[in-house]
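A short write-up of the structure that comes next.
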Amino acid sequence: MKVVLREPVLSAAIAAGIARQRSAEAKRSRPAFAEAWPGQLLDNHINGACAEAAVALALGLTPSLGVDVYAVPDLDGTRIEVRWSRARNWCKITPRDIALDRLVIGVVGVPPDAMEILGWLEARDAPERGTLADRPPPCWFIHELAWETFSSLHVSRWKCAT
């Protein structure tokens, strides 16, 4: 499924990504993977926020787009963790996702082009469906064909009980 972000959602997602990078710099956060080129981490934060906005819109939700959101789901009122990647087979699921019982949604693409939602997966299924990373930090990379189809994702799987 492809989602095109239009104004003002695109601007809000870009602003959230920039704010996330500034927050990480202010805290002197260390990335799990080193920056491969100048500006990569900023690009990753912006693209990740755009991926979250795309998933929210696809589910009929208002994008949350918080800044310091390490211990909470990416979309308010859900158990969803959105994973953006530059490559179709590199969306990752971590042991933390499993411990927090997350439902992970994989996304690729770079705005302003359409963001493509690859599908969804219960994090606990990553060890059986993914490829274990050959270097730290521990994670599983999910092949594009291992995702469940996005159209099969029912609200009962992702919505938190209120």
Q: Check Gln40, Gln21, Arg20 against His45 for a side-chain hydrogen bond (donor to acceptor under 3.5 Å, both in side chains) and give me the one that passes.
A: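 Answer to the side-chain hydrogen bond (donor to acceptor under 3.5 Å, both in side chains) test with His45 among Gln40, Gln21, Arg20: Gln21.
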Atom [atom1] in [X], atom [atom2] in [Y]: separation rounded to 0.5 Å?
X      : Y      : atom1 : atom2 : value
Ile18  : Ser23  : CD1   : OG    : 13.5 Å
Asn44  : Trp84  : CG    : CH2   : 5.0 Å
Thr62  : Leu57  : OG1   : CG    : 8.5 Å
His143 : Asn89  : NE2   : CG    : 4.0 Å
Leu121 : Arg102 : CG    : CZ    : 15.0 Å
Ile142 : Ser85  : CD1   : OG    : 11.0 Å

Could you tell me whether [X] and [Y] make a salt bridge, using a distance below 4.0 angstrom between a side-chain N and a carboxylate O?
X      : Y      : answer
Arg83  : Glu81  : yes
Glu148 : Arg129 : yes
Glu122 : Arg79  : yes

Q) Would Val67 end up clustered with Val9 when hydrophobic side chains under 4.5 Å apart are linked, directly or stepwise? A) no
Q: Using the rule that two of Ile, Leu, Val, Met, Phe, Trp, Tyr join whenever any of their side-chain heavy atoms come within less than 4.5 Å, decide whether Val110 and Val3 are in one cluster.
A: yes
Is the closest side-chain heavy-atom distance between [X] and [Y] below 4.5 Å?
X      : Y      : result
Trp90  : Val108 : no
Pro63  : Val55  : no
Ile80  : Pro73  : no
Leu61  : Thr78  : yes
Val104 : Trp147 : yes
Cys91  : Val107 : no
Trp140 : Thr131 : no
Phe150 : Leu118 : no

Specify the closest pair of heavy atoms between [X] and [Y], including all atoms of both residues, with the distance to one decimal.
X      : Y      : answer
Leu10  : Pro111 : CD1-CB, 3.8 Å
Ala133 : Pro137 : CB-O, 4.3 Å
Pro127 : Arg124 : CD-O, 3.4 Å
Ala56  : Leu75  : CB-CD2, 3.8 Å
Glu52  : Leu65  : OE1-CD2, 4.0 Å
Ala13  : Ala53  : CB-CB, 4.3 Å

Donor-acceptor pair, distance only, cut-off 3.5 Å: does the side chain of [X] make one with the backbone of [Y]?
X      : Y      : answer
Ser64  : Gly66  : no
Trp120 : Thr149 : yes
Asp74  : Val82  : yes
Thr94  : Asp97  : yes

Q) Going through the distances and angles, do Ile93 and Phe141 end up as a side-chain contact (heavy atoms from CB on, under 4.5 Å)? A) CA-CA 7 Å; Ile93 296 180; Phe141 292 107; over 6 Å; no
Q.
Quick one, Glu7 with Ser11, criterion side chain to side chain donor-acceptor pair (under 3.5 Å). Give me CA distance, side-chain angles, the key distance, then yes/no.
A. CA-CA 6 Å; Glu7 292 294 335; Ser11 291; 2.4 Å; yes
Q) In this structure, are over 12 heavy atoms from other groups packed under 6.0 Å from Arg86 atom CZ? A) yes
Q | Pair Val155-Leu59, side-chain contact (heavy atoms from CB on, under 4.5 Å): steps then yes or no | A | CA-CA 9 Å; Val155 66; Leu59 293 174; over 6 Å; no
